[in-house]
Structures are given as C-alpha cells and as structure tokens.
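One structure below.
Side-chain atoms are counted along with the backbone in the values below, which use heavy atoms only and exclude waters and symmetry mates. So you know, we letter chains A, B, ... as the sequences are listed, proteins then strands, and number each from 1.
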Amino acid sequence: MPKLLEIEGLKTQFYTSAGTVKAVDGITYDVNAGETVAIVGESGCGKSVGAMSILRLIPDPPGKIVEGSITFQGQDLLQLTEDEMRGIRGKDIGMVFQEPMTSLNPVLTIGRQLTETLEEHMGIVGETAHARSIELLGLVGISEPDRRLVQYPHHLSGGMRQRVMIAMALACEPKLIIADEPTTALDVTIQAQILELMKDLTRRLGVALIVITHNLGVVARYADRVNVMYAGKIIESGTAHDIYHTPRHPYTLALLKSVPRMDLPRQAKLDPVEGQPPDLTRLDDGCAFRPRCRFAVKKCAQKFPPLEKIKGPHIAACWEKEKVAKSARTIPTSKTKRMRKAS
Amino acid sequence: MSTARSKPAAKRKSAAKASSAAKRKAKASAARRPGAANQPKREPLVKVRNLKMHFPVTEGVFVPKVVAHVKAVDGVSFDIMKGETLGLVGESGCGKTTTGRCILQLEDVTEGEIIYDDVNLITLNKKSMRPLRQRIQVIFQDPYSSLNPRMKIGEIISEPMMVHNTEPDQEARDKRVAELLEVCGLNPKFSDRYPHEMSGGQRQRVGIARALSVKPEFIICDEAVSALDVSIQAQVINLLEDLRDEYNLTYLFIAHDLSVVRHLCHRVAVMYLGNMVELAECDELYDNPVHPYTQALLAAVPIPDPTVEGGRKHQIIKGEIPSPINPPSGCVFHPRCPIAVDACKKNVPEFREIRPGHWAACSEI
C-alpha cells in the first residue's frame with residue numbers, strides 16, 4: 001500500500017540577523033492512512049516548523065524550505081503552485097493549532113467559519129452547509145449545536161473552541177490532520193476529553209493524524225508511531241512500545257527518566273537532562289546532543305550518527321546504541337494491575 | 001500485563017522477588033520521601049481560615065456599578081506546617097493562584113483570616129506588612145514576564161536586599177548575588193547580563209535566586225515549573241528540593257501538573273471552583289482519593305507508558321467548569337459529578353476529616 005505522506009530530507013531554514021537557523025535539518029518520515037504519528041521534542045527542536053512545512057505555511061522571508069520533498073497522495077507538495085496548495089490546505093489536510101483563541105477568527109461566528117470552509121472546498125452552500133455544520137458540531141460533542149452556530153469564539157470556553165477547531169479540520173473529510181500541541185493550553189480533564197475525541201474520530205473516520213507535542217503522557221496514550229526530534233533532526237523513531245520500553249538514543253532515554261511518574265512509587269530525586277538545548281545557528285557536524293549526553297565519545301564530535309535500523313520500524317541515530325540499550329533496562333516499569341484498580 | 005513480551009519479565013520478577021517484596025516496600029518508602037532528614041514539624045506556620053476573595057464585576061464607564069461578583073476563592077481553610085511543602089492543585093480558574101496572592105497580600109481579601117506566625121496579615125497596613133514580606137517570597141510562573149527586561153540580572157537579584165535593607169553595603173550585595181547565582185546553578189558572570197540573553201530555565205533560576213536573596217522562610221511557588229520544557233523542568237524541581245532541604249524552607253507549591261506535585265509535596269490540597277474539595281498527605285491522596293473530582297483529575301493524567309495507558313480505563317469526566325460568577329448551588333461539583341444525588345444540589349457539603357489527616361468535602365463518601 002502506498003504511503004499517505006512521505007517526507008524526505010526536508011530542510012527548512014530561517015535567515016535571521018543572528019545567522020541561519022537550521023530549524024529542520026533533513027527529516028525523513030512517512031505516515032500511513034489512518035495512522036497516528038506523534039512528533040515529540042522540546043521547544044525549538046523544529047517539530048512545529050516541520051509540520052508547518054508540510055502545509056507550506058513557513059513565512060518567507062525569513063523562512064525557506066531549502067531541500068527535500070513532501071509527497072502527499074503521490075504528488076510533491078513542494079512543486080505545487082500557491083493556488084493548488086490552497087486547494088489542499090483545509091481540504092485534504094486539516095489543521096488543529098495549539099491556541100484555539102488566536103486561531104479562530106474573533107469577528108466571525110462559529111457557523112460562518114465552518115460554512116466558509118465548506119463553501120471554499122466542497123462547494124456546499126446555504127441550507128446544506130448549515131445542516132452539515134450542525135452535524136459537525138454534534139460529531140465533536142458540542143451540545144445545542146444550532147445555538148452555537150450564531151455565537152462568536154469569545155462566547156466559548158477553551159475546550160469548546162478546540163472542539164470547534166477539530167470540527168473545522170474535519171469539515172472537508174480530510175485524509176490527514178496535523179494537530180500542533182492540541183491540548184497544551186487545556187486543563188487535564190478537558191485535555192482527556194479532547195484526546196479521547198480525537199482518538200475516537202480518527203479511528204472511526206480513518207483519518208491519519210500527526211500530533212506534535214512535548215507531553216510524553218499524551219503520546220503514550222494515543223500514538224501508533226513516535227518520532228523524537230532534537231535540534232532539527234529526528235534522532236529516534238519507532239512504535240510507541242519501542243520508544244518507551246527500549247529506547248536506543250540517550251536523549252529519548254533521558255526524557256523518559258526526567259518526568260515524575262504517577263503510577264510508580266515516588267523517587268527521591270529526578271534524573272534531569274543537564275545543560276541547555278543547543279543554539280540552532282551554531283550547529284556543527286557532530287551530534288547536537290553530545291554536550292548533554294552521558295554516553296558521548298570522541299566520535300560524536302566528528303560525525304553525526306546515521307539513523308540505523310534496530311528492529312522493524314525502530315531506528316535511532318547514536319554511536320553508542322548498545323550502551324544506551326543496557327542503560328534503558330533501568331527504566332522503571334509499572335504494574336499494570338495496580339493502575340487498573342486505581343483508575 | 002497486556003503484551004506478550006512483558007509477561008515473562010513480570011513472571012521472572014515475581015518469582016525472584018516475591019519473598020523480598022515487603023523488604024523492598026519498606027526500602028522504597030524510606031527512599032521515596034525527598035529530604036527525609038528534614039521532616040515537616042506539626043506546627044503551623046500559616047493558618048488560613050475561611051478565606052474569601054470576591055472580585056466585583058462592574059458595568060458602566062463613568063459611574064461603575066457592581067453587578068456581580070467573581071467568587072474566585074469562596075471559603076477556604078487550611079494550615080501550612082513549618083518545613084512542609086503543601087501542593088495546591090486544580091484546574092484553571094479554581095482559585096489556586098488567587099489563594100497564593102491573598103497570602104502574599106497582593107489582593108484585598110474580602111473575608112477571612114490569614115495568620116502567619118500568630119499575626120493576622122489581613123489586619124496589617126502596608127507599612128507593617130513590609131518586614132513580613134521579607135519572610136514570604138514568591139516565584140512566578142512566567143520567567144519571561146516576571147523579570148524586568150531593563151535590569152541586569154545582578155540588579156534584579158539585589159533589589160530585594162536594597163528594599164529590605166538586609167545588605168546595605170554594595171560590595172556585600174554583589175558578593176551575595178554571586179553566591180546566590182552559584183547556589184541556583186548559574187555562572188556568577190551572569191550578573192552582568194540581561195534577561196533576554198538567557199533561556200527560560202535560566203531565567204527561572206534567576207527568579208528563584210531573587211526570592212532567596214532576603215533569606216525567606218516561606219516561598220510561594222506559583223506554577224514555578226509549568227512553563228519549562230520537561231528536561232529543564234526536572235532540573236528546576238531538583239533545585240527547589242535541594243534549596244528546601246538546605247535552607248529549611250516552607251513551600252506553597254501551586255501547580256496543575258499532578259505528577260510534579262506528587263513528586264515534590266508532603267501534603268496536597270485540591271481546589272475546585274473556589275472551594276477546597278480534598279486535602280491529605282501526598283501518598284494518601286494519590287493512592288486513596290475519596291472525592292469524585294480528585295479521582296477524575298487523577299484518572300485524566302496521561303501516563304508516559306503505552307503499556308499502562310493501554311490497560312487503563314478512561315473514565316472521563318463530562319462537562320466543563322462552571323462560571324465562578326454564578327456557581328452551582330449546593331455542592332459546586334454536582335453538575336459534573338458521577339455520584340451526585342438530589343441532595344447535592346441543595347446542601348453544601350462540609351469539609352470534614354474522613355480519616356485522620358484526610359479531609360474532603362463530599363456528602364456521598
């Protein structure tokens with residue numbers, strides 16, 4: 001089966017007064033139809049820029065996609081004209097952004113924003129568009145949809161706005177939704193509602209999902225595959241089980257160890273990743289993680305390790321994979337039984 | 001265990017270590033308590049009694065008329081013991097930050113008492129409050145907006161010492177700044193830098209150094225680690241823990257991240273819509289939550305382990321937080337509560353001690 005989306009060697013750079021920022025530095029990954037792929041990393045690692053590049057939403061200047069190809073359903077998005085691209089954004093690829101207040105238009109009613117998408121892409125107008133809007137709001141679990149349609153974004157709470165965003169993303173029956181930190185601005189109970197909704201809808205409607213997040217818990221809850229990014233590169237990729245149970249990159253391992261876990265006995269001390277994330281204008285040929293890495297050897301400074309296959313889809317970019325593997329055995333595992341009882 | 005792969009591992013483990021389970025447990029509980037040498041005393045440092053903070057909602061431009069009140073905090077009582085870290089958790093708008101600001105006397109409290117070391121802070125005027133401010137410090141959430149962009153790091157950290165006149169001598173102040181930067185894991189050279197030259201984690205360390213500069217005994221951490229990336233968050237959490245043990249600090253740790261609170265706190269209080277719904281020792285609260293809101297909150301936190309997540313049943317709480325202008329009658333949680341009965345709509349549940357040290361406000365438990 002052909003892949004829904006294939007990204008190859010994508011490089012996006014920003015030209016600033018401080019120098020060239022290599023925000024995305026050659027990433028390659030693919031997404032199958034109906035699959036949920038998570039992109040994890042810290043702020044500034046290029047995870048959002050990578051996703052915005054798929055939609056060609058990089059402000060130019062200062063940004064530019066310098067290299068690579070993005071093949072979506074057989075066509076290279078980077079070769080399309082702006083008009084053709086507009087036909088894909090919001091139709092075949094839907095978007096859900098982090099901040100639901102700033103990504104909805106404050107001077108248009110919810111109904112207008114939904115019908116606008118339908119008019120533009122599907123040619124659905126009037127009564128039919130109205131009916132479809134009500135259906136969509138119902139789908140994302142908004143009560144009294146007909147009353148909501150005439151309301152403005154400021155009438156709604158954060159969770160409701162995010163539901164509207166999801167309804168808009170789903171409006172034209174897309175094949176792929178890109179969700180950039182969809183629940184970061186929300187409270188935990190609302191986050192749980194939205195996550196469950198997205199999981200349920202993508203499974204039911206067969207929509208593929210790229211979810212960008214820094215929350216490892218969110219990823220564990222609903223990703224099929226995970227890409228871990230650091231300093232503009234994918235440094236490890238695999239199924240959720242690969243990444244969480246047998247990480248082969250020291251950064252992944254360090255991330256997993258640095259979060260306190262609610263399902264395990266309390267530790268005396270957390271095990272943080274020491275140091276600061278690197279300056280993206282001053283990257284050299286070596287591995288960008290090496291100043292913070294406890295496995296670093298001489299070779300790390302000379303050459304960036306290639307992404308090597310470990311098992312199945314699991315790949316990692318590290319010279320010292322074996323040592324990491326040994327250390328990964330110390331990742332605490334939980335007694336599933338106890339959690340079941342607790343929840 | 002849901003996967004075939006982890007089964008044998010579990011079996012092996014249980015076979016080998018079943019006999020030593022009790023020993024392990026005892027060891028774990030001894031190791032799990034951070035700063036075990038520094039147990040909190042049973043003597044309250046801060047006593048909050050029936051605290052109410054209602055903000056007026058006004059209409060009209062020239063002659064504003066009060067039309068309603070936002071009941072941000074509506075009758076909250078608790079103690080903070082000496083040397084204790086009390087976690088205050090809840091969702092946005094539950095009044096946890098307002099509670100902290102009331103203790104700091106940054107708000108004009110509507111009703112209630114805040115007794116700090118036998119002094120009722122509410123009765124004090126600004127001038128008599130000032131010496132106490134030296135003893136109560138705060139670390140804010142946003143390390144970008146809580147540091148003055150026009151001041152150098154050194155000036156930011158020495159300002160409280162000048163205000164309280166703890167180090168009148170310039171040279172002694174500079175020395176103390178260098179010392180504080182070092183304590184907080186920063187290079188003393190940073191005192192000549194401006195905040196924009198630093199990353200979020202470094203700025204938060206500056207915020208911590210500033211709070212420590214006047215040698216306080218009580219620090220309110222208002223979402224002190226929420227804005228930081230996970231790897232940096234762990235560094236700052238460790239720093240806060242080290243400082244607590246070294247300087248005998250008492251923290252009120254306001255946060256919404258339940259796993260961080262569990263890691264850091266001795267006791268935890270849960271707030272909902274201006275009311276306190278549950279308060280207990282940390283382990284007791286996380287292991288045996290009694291209030292349906294606490295249970296829902298804990299169940300909603302995703303756990304970074306796909307095996308655990310796969311085996312978890314997600315009982316998701318419905319609805320959203322009602323407006324604090326017009327909170328629901330009776331128990332404020334009843335519209336979202338899975339176990340609510342008719343009486344909950346009328347009767348306000350009493351905040352009572354269910355087990356020794358475990359308080360909750362629910363009539364159905």
Side-chain angles (χ1 to χ4, degrees), chain A residues 41-44 157-160 186-193 195-196 214-223 239-241 243-245 251 254-263 265-277 292 331-337 339-340 342-343, chain B residues 1-3 5-6 9-10 25 28-29 31-34 36 91-92 199-202 229-238 241 256-260 262-264 282-283 286-287 296-318 320-321 336:
Chain A
E42 296 181 270
S43 10
S157 67
M160 288 276 224
L186 305 175
D187 280 314
V188 269
T189 59
I190 309 298
Q191 166 177 293
Q193 292 174 358
L195 288 182
E196 207 58 17
H214 66 271
N215 188 328
L216 293 164
V218 167
V219 178
R221 187 170 282 189
Y222 74 146
T239 64
H241 280 273
I243 298 293
Y244 283 82
H245 298 313
Y251 178 63
L255 271 188
L256 290 171
K257 281 186 160 184
S258 66
V259 286
R261 291 211 9 201
M262 263 190 22
D263 55 328
R266 288 200 269 168
Q267 312 145 260
K269 262 286 154 69
L270 291 179
D271 196 358
V273 193
E274 294 300 344
Q276 302 290 328
R292 307 175 76 185
I331 294 182
T333 48
S334 163
K335 292 170 202 121
T336 325
K337 254 187 212 158
M339 272 325 292
R340 271 200 195 130
S343 63
Chain B
M1 287 286 164
S2 56
T3 60
R5 187 159 45 79
S6 43
K25 207 173 174 186
S29 67
R32 75 209 290 189
R33 194 48 270 137
E91 298 180 274
S92 33
S199 69
Q202 289 172 331
D229 269 318
V230 270
S231 72
I232 308 296
Q233 193 178 52
Q235 295 176 2
V236 175
I237 291 169
N238 279 355
E241 265 185 288
H256 66 270
D257 187 328
L258 290 146
S259 24
V260 169
R262 175 173 179 260
H263 178 80
L264 205 61
C282 186
D283 288 332
Y286 283 84
D287 293 344
L297 207 56
L298 291 175
V301 179
I303 287 169
D305 185 331
T307 317
V308 177
E309 275 299 331
R312 252 175 128 197
K313 254 196 256 149
H314 300 310
Q315 274 179 340
I316 287 168
I317 183 173
K318 289 192 195 78
E320 308 202 3
I321 305 176
R336 300 175 78 190

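The parts of A:Ile190 that come within reach of chain B are both its backbone and its side chain, each placing non-hydrogen atoms under 4.5 angstrom from that chain. Contacts between A:Glu274 and chain B at a heavy-atom distance below 4.5 Å involve backbone atoms as well as side-chain atoms. B:Ile237 touches chain A through its side chain: at least one heavy atom from C-beta onward sits under 4.5 Å away, while N, CA, C and O do not. For chain B, the nearby part of A:Val259 is the side chain; its heavy atoms alone come within less than 4.5 Å.
Heavy atoms only, all atoms of each residue included: A:Gly41 and A:His214 are closest at O-CB, 3.5 Å.
Legend: residues meeting ring pair (Phe, Tyr, Trp, His ring centres under 6.0 Å) with A:Tyr251, ordered by chain and number and at least two apart, are A:Tyr230, A:Phe289.
Considering only heavy-atom pairs separated by less than 4.5 Å from chain B, the leading option among A:Gly159, A:Ala254, A:Ala223, A:Ala192 is A:Ala192. Contact count versus chain A (heavy atoms, under 4.5 Å) is highest, among B:Ala300, B:Pro304, B:Ala234, for B:Pro304. Of the listed residues (B:Val301, B:Leu297, B:Val260), the greatest number of heavy-atom pairs within a distance under 4.5 Å of chain A belongs to B:Val301. Contacts with chain B were tallied for A:Pro277, A:Gly158, A:Ser157; A:Ser157 has the most, counting heavy-atom pairs under 4.5 Å.
Panel note: side chain A:Arg261, backbone B:Ile303; no donor-acceptor pair is recorded below 3.5 Å.
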Worked verdict on B:Leu258 versus B:Tyr286 for side-chain contact (heavy atoms from CB on, under 4.5 Å):
CA-CA 9 Å; B:Leu258 290 146; B:Tyr286 283 84; 3.8 Å; yes
Could you please spell out the steps behind the side-chain contact (heavy atoms from CB on, under 4.5 Å) verdict for B:Asn238 and B:Gln235?
CA-CA 5 Å; B:Asn238 279 355; B:Gln235 295 176 2; 5.9 Å; no
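Here the NE2-CG distance, from A:His241 to B:Asp305, works out to 8.0 Å after rounding to the nearest 0.5 Å.
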